[in-house]
Amino acid sequence: MTQPRVDRPAPAGDLQAAQERRRAARGLLRTPLVTDEDDDSAALLRLVRRHRDELTRTFADGLGYRLVVEPGAARLFKAGLGDDASRPLRRRSGRPFGPRGYALLCLTLAALTRCKTQLLVDELVAEVRSAAGDAGLDVDLDAIADRRALHGALLALVDLGVLTERDGDLEHWAEQRTLSLLDVRRDRLGLLVAAPLASATGPRELLDVAALPSASGGARVAVRRRLVETPVLSVTDLTEDQAEWWRRNRNRERDWFADRFGLDLELRAEGALAVDPLDELTDAPFPGTGSARHLALLWLERLVEVARPAARSADTADRVWWWLGPDVVARAAEDVLAEWGAGLRREHRDNPQAARAEATDVLTDAGLVRPDPGGGWWLHAAAARYAARPTLAAAAPSGEASLFDDEEGQ
């Protein structure tokens with residue numbers, strides 16, 4: 001008679017190690033360049049160093065990402081999804097970098113490779129001019145537009161720990177040409193560029209080569225990258241090989257993402273949604289707090305109500321992205337604004353068009369809608385999981401009850 005198998009519980013030390021590896025992996029996904037500049041970063045770097053070998057295997061085998069760990073920094077080279085403008089580098093103000101900003105960032109990196117390890121900002125600007133001349137680019141650093149773009153690049157490099165302001169006033173350099181003495185961390189400079197530059201013939205090839213999954217990873221790496229980089233996975237966006245691999249392995253993938261990164265995969269016929277229970281890993285939280293996100297949630301619910309009856313009876317492939325005409329989208333927004341608009345923050349009450357534009361950006365960043373130039377929207381099936389239950393909050397000190405909290409716009 002066969003005796004029933006009794007699995008012994010894993011040693012407590014293994015559980016602790018698994019939790020530490022998960023925290024380190026999540027930290028690297030959230031902040032691909034980890035330094036020891038502050039206590040939190042230094043603690044994360046210690047975890048990464050402690051579990052370096054296992055993390056290196058996880059990222060290499062599972063996602064095709066390269067992890068480099070050095071004494072004062074760790075860098076996860078996330079290859080991304082290629083030509084994708086949805087996650088730009090942002091300035092401190094929150095505005096995305098434009099083409100000019102990226103060009104000046106690259107010129108600054110080139111200039112820093114041949115600079116001293118300590119220099120005045122004006123010396124660095126001279127080197128950037130020289131690099132622009134070598135590259136044959138028309139850059140006028142006496143013009144305010146290019147100076148502001150360069151200023152954004154310098155501040156981004158400060159935030160990344162490549163530049164450190166030892167003395168001066170770099171914050172006001174663009175407008176007032178203030179002086180500043182900068183230290184250059186060459187060890188971190190070498191960790192910034194994610195793809196080989198020598199063989200690239202243009203920016204598009206540079207992005208495509210970096211995003212190319214490894215030959216050994218195939219469909220597995222490609223699908224996992226989609227779920228890590230964008231939380232919404234659509235079966236219609238997969239190639240035939242990827243779709244076949246996903247059908248066979250999607251239940252096992254739910255365990256893999258939970259074990260390595262603490263992410264919950266919601267599996268659906270139309271694809272999957274990666275949900276972070278701790279709400280830490282996304283740079284575009286949804287629903288989230290604030291007037292624009294609440295308006296987006298109410299708007300989305302209204303559109304789902306319109307789409308649901310017909311979408312339910314459609315084929316799976318046809319309901320992944322469901323078309324809604326411009327009149328339907330506009331009418332839903334008008335209905336929501338008429339019912340709940342009084343609870344918007346003042347800027348949105350005064351300018352409903354701006355409120356709609358911000359709410360549209362929220363839903364687009366979340367991967368739930370794809371607007372087209374004609375005003376219509378493609379609505380993703382995952383939108384149906386969001387059901388708003390609006391209630392009026394308790395009366396504020398002013399005596400006026402509001403649907404929306406006041407975290408934004410104060």
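This chain uses plain numbering: 1 for the first residue, then up along the sequence. Hydrogens, waters and symmetry mates play no part in the numbers below; they use all other heavy atoms, side chains included.
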Practice task
Please step through side-chain hydrogen bond (donor to acceptor under 3.5 Å, both in side chains) for the pair Thr364 and Asp361, ending with a clear verdict.
Solution key: CA-CA 5 Å; Thr364 304; Asp361 289 343; 5.3 Å; no

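- Salt bridge annotation for Glu253-Arg250: absent, with no cationic side-chain nitrogen under 4.0 angstrom from a carboxylate oxygen.
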Practice task
Would you sort out whether Arg166 and Gln118 count as a side-chain contact (heavy atoms from CB on, under 4.5 Å), showing the intermediate values?
Solution key: CA-CA 9 Å; Arg166 179 171 290 274; Gln118 187 177 81; 3.0 Å; yes

Please table the atom pairs, donor to acceptor, closer than 3.5 Å between any side-chain atom in residues 309-323 and protein atoms at least two apart or in another chain.
from	atom 1	to	atom 2	distance (Å)
Ser313	OG	Ala310	O	3.1
Arg319	NE	Glu270	OE2	2.6
Arg319	NH1	Ala314	O	2.9

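- The shortest heavy-atom contact between Ser41 and Thr35 is CB-O, 3.0 Å.
- Both the sub-6.0 Å distance and the 45° axial angle are satisfied by Arg75 relative to the ring of Phe77.
- Using a 4.0 Å cut-off between charged side-chain N and carboxylate O, Arg57 and Glu54 make a salt bridge.
- At a threshold of 4.5 Å between non-hydrogen side-chain atoms, the residues Ser130 and Asp134 count as touching.
- Side-chain atoms of Arg49 and Leu45, non-hydrogen and from C-beta on, do get closer than 4.5 Å to each other.
- Under the 3.5 Å distance criterion, the side-chain polar atoms of Arg30 are left unmatched by any main-chain donor or acceptor of Leu281.
- The pair Arg220-Asp61 does not count as a salt bridge, with every side-chain nitrogen at least 4.0 angstrom from each carboxylate oxygen.
- Once rounded to the nearest 0.5 Å, the distance linking CG of Leu233 with CZ of Arg268 reads 12.5 Å.
- Ring planes of Phe261 and Trp256: perpendicular class, angle over 60° (limits at 30 and 60°).
- In this structure, CG in Asn249 is found 8.5 Å from CZ in Arg224, a value given to the nearest 0.5 Å.
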Practice task
Go through the steps for Arg226 and Ser234 under the test side-chain hydrogen bond (donor to acceptor under 3.5 Å, both in side chains), then give the verdict.
Solution key: CA-CA 9 Å; Arg226 282 181 179 273; Ser234 308; over 6 Å; no

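- Look at Arg148 and Glu175 and you find a salt bridge, because one of the NZ, NE, NH1 or NH2 atoms lies within 4.0 Å of a carboxylate O, short of that distance.
- A donor-acceptor distance shorter than 3.5 angstrom exists from the side chain of Arg90 to the backbone of Gly94, with no hydrogens or angles considered.
- A salt bridge does not link Asp140 with Arg129: none of the charged nitrogens is closer than 4.0 Å to a carboxylate oxygen.
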Practice task
Determine, step by step, whether Phe97 and Tyr102 satisfy the ring pair (Phe, Tyr, Trp, His ring centres under 6.0 Å) criterion, reporting the C-alpha distance in whole Å, the side-chain angles of both residues, the deciding distance to 0.1 Å, and the verdict.
Solution key: CA-CA 6 Å; Phe97 267 55; Tyr102 283 118; 5.6 Å; yes

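- Under the 4.5 Å side-chain criterion, counting only non-hydrogen atoms from C-beta, Leu300 is in contact with Val369.
- Between the Thr31 side chain and the Leu28 main chain, no donor and acceptor come within less than 3.5 Å of each other.
- Listed here is the closest heavy atom pair of Leu170 and Glu165: N-OE2, 2.6 Å.
- Put simply, the side chain of His294 gets close to the backbone of Gly290: a donor and an acceptor are under 3.5 Å apart.
- With contacts defined as side-chain heavy-atom distances shorter than 4.5 Å, the pair Leu109/Leu157 qualifies.
- Proximity of Arg185 to Leu163: side-chain heavy atoms (C-beta onward) are nowhere separated by under 4.5 Å.
- In terms of heavy atoms, Ala272 sits closest to Trp246 at CB-CZ2, 3.6 Å.
- The closest side-chain donor-acceptor pair between His172 and Thr178, if any, does not fall under 3.5 angstrom.
- Panel note: side chain Asp372, backbone Gly375; a donor-acceptor pair is recorded below 3.5 Å.
- For Glu339 and Arg302, the salt-bridge test passes: some basic side-chain N is under 4.0 Å from an acidic carboxylate O.
- Taking the charged nitrogens against the carboxylate oxygens, Arg188 and Asp36 do have a contact shorter than 4.0 Å, which makes a salt bridge.
- Salt-bridge annotation for Glu358 and Arg345: present, with a side-chain N of the basic residue lying under 4.0 Å from a carboxylate O of the acidic one.
- Salt-bridge annotation for Arg92 and Glu171: present, with a side-chain N of the basic residue lying under 4.0 Å from a carboxylate O of the acidic one.
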Handout entry: Criterion side-chain contact (heavy atoms from CB on, under 4.5 Å) on Thr164 and Val158, from CA distance to verdict
Key = CA-CA 6 Å; Thr164 304; Val158 169; over 6 Å; no

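- Side-chain contact between Val34 and Leu76: absent, with no pair of heavy atoms (C-beta onward) separated by less than 4.5 Å.
- At least one side-chain heavy atom of Leu33 sits less than 4.5 Å from a side-chain heavy atom of Leu192.
- Within a 6.0 Å radius of CG in Asp39, other residues, nucleotides and ligands contribute 12 heavy atoms or fewer.
- No side-chain heavy atom of Glu347 sits less than 4.5 Å from a side-chain heavy atom of Asn351.
- Listed for the His51 side chain is no donor-acceptor partner under 3.5 Å among the backbone atoms of Arg46.
- Looking at every heavy atom in both residues, Gly367 comes nearest to Val232 through O-CG2, 4.0 Å.
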Practice task
Start with the C-alpha distance between Arg260 and Phe257, add both sets of side-chain angles, then the distance that settles side-chain contact (heavy atoms from CB on, under 4.5 Å), and finish with yes or no.
Solution key: CA-CA 5 Å; Arg260 267 66 170 190; Phe257 275 91; over 6 Å; no

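- Pairing each heavy atom of Ser291 with each of Leu344, the nearest pair is OG-CD2, 3.3 Å.
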Practice task
Could you give me the CA-CA distance, side-chain angles and deciding distance for Leu337 and Arg356, then say whether side-chain contact (heavy atoms from CB on, under 4.5 Å) is met?
Solution key: CA-CA 9 Å; Leu337 287 169; Arg356 286 180 53 173; 4.1 Å; yes

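- Across Ile144 and Ala174, no two heavy atoms sit closer than the pair CD1-O, 3.6 Å.
- Within the model, atoms CG of Asp159 and CG of Leu89 stand 9.0 Å from one another, a figure rounded to the nearest 0.5 Å.
- Taking Asp237 as the reference, Arg370 meet the side chain to side chain donor-acceptor pair (under 3.5 Å) condition, with sequence neighbours excluded.
- Here Leu105 contributes atom CG and Leu150 contributes atom CG; the two are 9.5 Å apart, rounded to the nearest 0.5 Å.
- In this structure, Leu154 CG and Leu104 CG are separated by 9.0 Å, a value rounded to the nearest 0.5 Å.
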Exercise for the section: Start with the C-alpha distance between Trp377 and Trp299, add both sets of side-chain angles, then the distance that settles ring pair (Phe, Tyr, Trp, His ring centres under 6.0 Å), and finish with yes or no. Expected result: CA-CA 12 Å; Trp377 281 9; Trp299 194 0; 4.6 Å; yes

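- Considering CG of Leu263 and CZ of Arg254, their distance stands at 13.5 Å, rounded to 0.5 Å.
- In Arg346, the CZ atom is not crowded: 12 or fewer heavy atoms of neighbouring residues, nucleotides or ligands sit closer than 6.0 Å.
- Atom CG of Asp138 sits in a sparse spot, with 12 or fewer heavy atoms from other residues, nucleotides or ligands closer than 6.0 Å.
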